[in-house]
Amino acid sequence: MEKDLVSIIVPCYNASRFLNDVFLSIKNQTYQNIEAIFVDDGSTDETGKMLDNFARSYSKAKVVHKVNGGLSSARNAGLAIAKGKYIYFMDSDDIIHPETIEYCYKLITGYNADLVNFNLKHISQEYRYSNISWNYSKKYEILSNPDQIYTKFIVDINGGRAAWSKFFSHDLLKTVPGYPKVFNEKCFYGEDILLSTYLFRICKIVVYSKAKLYLYRRVKSSMMHASFSEKELSLFMFEENVKALDPTIYPTAVKYVPSMICLSAMDIVYRLRNSDYQNPEVVNEIYHKYRDNLKYLPRLSRLPLSYRFGTLVTLPVMYLIIRKKLKG
């Protein structure tokens, strides 16, 4: 019996520097019944040309060229033409283990799951793919209780909210209102979290794996490390989803919601530190989201020490620094 088709969707914007690593990551997958959909989101460098050249040499690749519309728009464009029974979103500057697709496929089909969530390793921007292979934990857990599924999602801060750490059933994504536009194109920052806060509410079975199958590259010039823009306040769009959780169905998960809001506010404050943003009302609002929910943060028992230190000590000091930058 032929294995199911898996669609790998890669949004690309001025990604020429790391695309060869992405090509190798996909070509070297042990699971080969795939289609690799690359979406050139209006790149101004050599990205488009590199994608076209790769597609000519690799029959499983498809390329979509579009005007720049942002990450959500690019992912949606790829999903619109995806034919796979299963969907995986990969970023254009990272690397996946050669067994990523095969490993996730076995889990999602073996347990008839809606999605598989796995882990990551951090790498520097100088790291390169060259027949790499690394060992990973085979441990995983199967969750089918709605409250357990959503609680696990909220407390898993190590990539658990990112699209690239998930292997989706296409049928699951088709339940999202507006499909194939499953990523909100008005959400400039945190679109993964917004989608996840919806999907984890309708999942019946989720496989959580400790396998570190994704190499996440720390790129200084990436959107994650760019100067602050007010568009990034769209990160808080997820609040409507989590605040709508029914406490009779999600009694444990709702207790962690304030912690999730606190960490998100902490993220924005960190991004404000190197900016010249000049709206004190917004700065105060973000800080209050952090401060008012801080008391709930200890509930995240697995929170790394660096987060605890940053939240309790570094963040208040950083806030004062930001306040001093405000004119008037």
Distance-only donor-acceptor check, side chains [X] and [Y], under 3.5 Å:
X: T248; Y: D246; result: yes
X: E99; Y: Y136; result: yes
X: T252; Y: D147; result: yes
X: E185; Y: S72; result: no
X: K166; Y: N117; result: yes
X: N119; Y: Y214; result: no
X: N68; Y: Y13; result: no
X: T44; Y: N14; result: yes
X: Y111; Y: Y140; result: yes
X: D52; Y: H65; result: yes

Mark yes or no for whether [X], through its side chain, and [Y], through its backbone, hold a donor-acceptor pair below 3.5 Å.
X: Q29; Y: S25; value: yes
X: N145; Y: Q148; value: yes
X: T47; Y: S43; value: no
X: N76; Y: F183; value: yes
X: Y208; Y: F153; value: yes
X: Y198; Y: I193; value: no
X: S169; Y: D114; value: no

Short N-O contact, E141 and K152, less than 4.0 angstrom: yes
Residues R217 and D21 bridged, charged N to O under 4.0 Å: yes
Side chain to side chain donor-acceptor pair (under 3.5 Å) partner of S73, the single match among K181, E191, K66: K66
Test log, rule salt bridge (Lys or Arg N to Asp or Glu O under 4.0 Å), inputs E35 and K83: CA-CA 8 Å; E35 61 172 5; K83 297 180 180 178; over 6 Å; no
Roughly how far, to the nearest 0.5 Å, is [atom2] of [Y] from [atom1] of [X]?
X: I87; Y: I8; atom1: CD1; atom2: CD1; value: 10.0 Å
X: L195; Y: N184; atom1: CG; atom2: CG; value: 10.0 Å
X: L107; Y: F118; atom1: CG; atom2: CZ; value: 11.0 Å
X: D40; Y: K49; atom1: CG; atom2: NZ; value: 12.5 Å
X: L24; Y: I95; atom1: CG; atom2: CD1; value: 8.5 Å
X: Y296; Y: L263; atom1: OH; atom2: CG; value: 14.5 Å

In one Ile/Leu/Val/Met/Phe/Trp/Tyr side-chain cluster, 4.5 Å: L115, L5: no
Same apolar cluster (I L V M F W Y, side chains within < 4.5 Å links), Y88/V207: yes
Test: R271 cationic atom under 6.0 Å from Y189 six-membered ring centre, within 45° of axis: yes
Between [X] and [Y], does the ring centre distance come in under 6.0 Å?
X: Y216; Y: W164; answer: yes
X: Y86; Y: H170; answer: no
X: F18; Y: Y129; answer: no

Taking every non-hydrogen atom, the tightest pair across [X] and [Y]:
X: V63; Y: L51; answer: CG2-O, 3.5 Å
X: G70; Y: D41; answer: N-OD2, 2.9 Å
X: L172; Y: C203; answer: CD2-SG, 4.0 Å
X: C104; Y: L213; answer: SG-CD1, 4.3 Å

Side-chain heavy-atom pair L173, L199 within 4.5 angstrom cut-off: yes
Side-chain heavy atoms of V282 within contact of I286, under 4.5 Å: yes
More than 12 foreign heavy atoms under 6.0 Å from [atom1] of [X]: is that the case here?
X: K60; atom1: NZ; value: yes
X: K139; atom1: NZ; value: no
X: N279; atom1: CG; value: yes
X: Q32; atom1: CD; value: yes

Parallel, tilted or perpendicular, as decided by the 30° and 60° cut-offs, for the rings of [Y] and [X]:
X: Y287; Y: Y290; value: tilted
X: F54; Y: F23; value: parallel
X: H97; Y: W134; value: perpendicular

